[in-house]
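Structure first, then comments.
All residue numbers in this chain count up from 1 along the given sequence. Ligands are counted one by one from 1 in listed order, and the atoms in each one are counted from 1 as well.
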Amino acid sequence: MTQVKAAQTPSDSTPRLYGGTGTRRVTVRDIAAAKQRGEKWPMLTAYDALTASAFDDAGIPVLLVGDSAGNCHLGYDTTVPVTVEELLVLSSAVVRGTRRALVVSDLPFGSYQEGPVQALRTATRFMKEAGSGAIKLEGGERTLPQTSALVQAGIPVMAHLGLTPQSVHAFGGYPVQGRGEEAAQRLLNDAKAAESAGAFALVLELVPAELAAQITEQLRIPTIGIGAGPDCDAQVLVWTDMAGMTAGRTPRFVKRYADMRGALTEAATAFAQDVAGGAYPTEEHSFH
Ligand code: KIV
């Protein structure tokens, strides 16, 4: 697979996360080094081997097998119904499709909320059966015992604060989080708690840009923004939103870099018309 080649940062022997010379799997140490040198980096979701291999070729250093697979791959309305078995299959495929990216797997709703023992049991399956390099779970203070238990067991944990989609029914939708002084302070405390429990990175979803900037400045671990403004250390998008594969409206924070849905529909229509009209297959596609 092609790797993007570019200069290394002179003051640091670790290859840059994006655009560097590294070809081995990205690790959480590389991610810590990127924060130290102030490198901004991209993360995308992935749910299958082919798409993941394209993102690996593009040099995306971290791929998240998010439970957004529920909405974007499995046809559910929310992330709530996604199961461990489903994400294990998708995570294994993404690991098989990549050589360089750090593959982070979401712990689905109901697979870690009972406590540290359940969280450890689930996370262990992702590390052993899928070959994931890290896991992500939602919550700050409320899931600290889970984060601590995983970190102590040697499992890298990415925390997720702000709009945590597994709580969609409690939120009553997908509103911006951390607005107002009290909510902002709570989010900041949650972020610091996740860091002190040993999380290696923190996703901030749908948070005011000013608050995300403040959290990013106060943490030693990188923040990964999604609808959290430009000052986070990294940015993540759901790949189907980023590439224009998602049907219908996408959230305001999404920037669409392609029209995959349009391209696929066009290709399928052309194929169907060729078959119906007898234009495919021709002699060139036939065996004798
Ligand atoms: O499941 C997911 O894709 C996520 C990202 C939106 C961060 O959690």
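Those atoms of ligand 1 with a heavy atom of T45 less than 4.0 angstrom away are 3 (O). Below 4.0 Å from some heavy atom of K136 lie the following atoms of ligand 1, by number and element: 4 (C), 8 (O). Applying the 4.0 Å criterion to heavy atoms of G66 picks out, from ligand 1, the atoms 1 (O), 2 (C), 3 (O). Ligand-side atoms of ligand 1 in range of I226: 6 (C), range being under 4.0 angstrom from any heavy atom. Ligand-side atoms of ligand 1 in range of D106: 1 (O), 2 (C), 8 (O), range being under 4.0 angstrom from any heavy atom.
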**Request:** Show your working on side chain to side chain contact (heavy atoms under 4.5 Å, CB included) between L74 and E86 and close with a plain yes or no.
**Result:** CA-CA 9 Å; L74 297 168; E86 285 166 337; 3.8 Å; yes
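Within the 4.0 Å heavy-atom criterion, both parts of D67, backbone and side chain, lie near ligand 1. Counting heavy atoms under 4.0 Å from ligand 1, residue L64 touches it through the side chain alone.
Distance from atom 3 (O) of ligand 1 to its nearest protein heavy atom, with residue and atom name: S68 OG, 2.5 Å.
Atom CD of E114 has 12 or fewer neighbouring heavy atoms from other residues, nucleotides or ligands inside a 6.0 Å radius.
One finds a salt bridge joining K136 and D106 here, because a Lys/Arg side-chain nitrogen approaches an Asp/Glu carboxylate oxygen to under 4.0 Å. Under a 4.0 Å N-O distance rule, the pair R24/D30 qualifies as a salt bridge. Using a 4.0 Å cut-off between a side-chain N of Lys or Arg and a carboxylate O of Asp or Glu, E85 and R125 qualify as a salt bridge.
The aromatic rings of F55 and W239 lie perpendicular to each other, with more than 60° between the two planes, well past the 30° mark.
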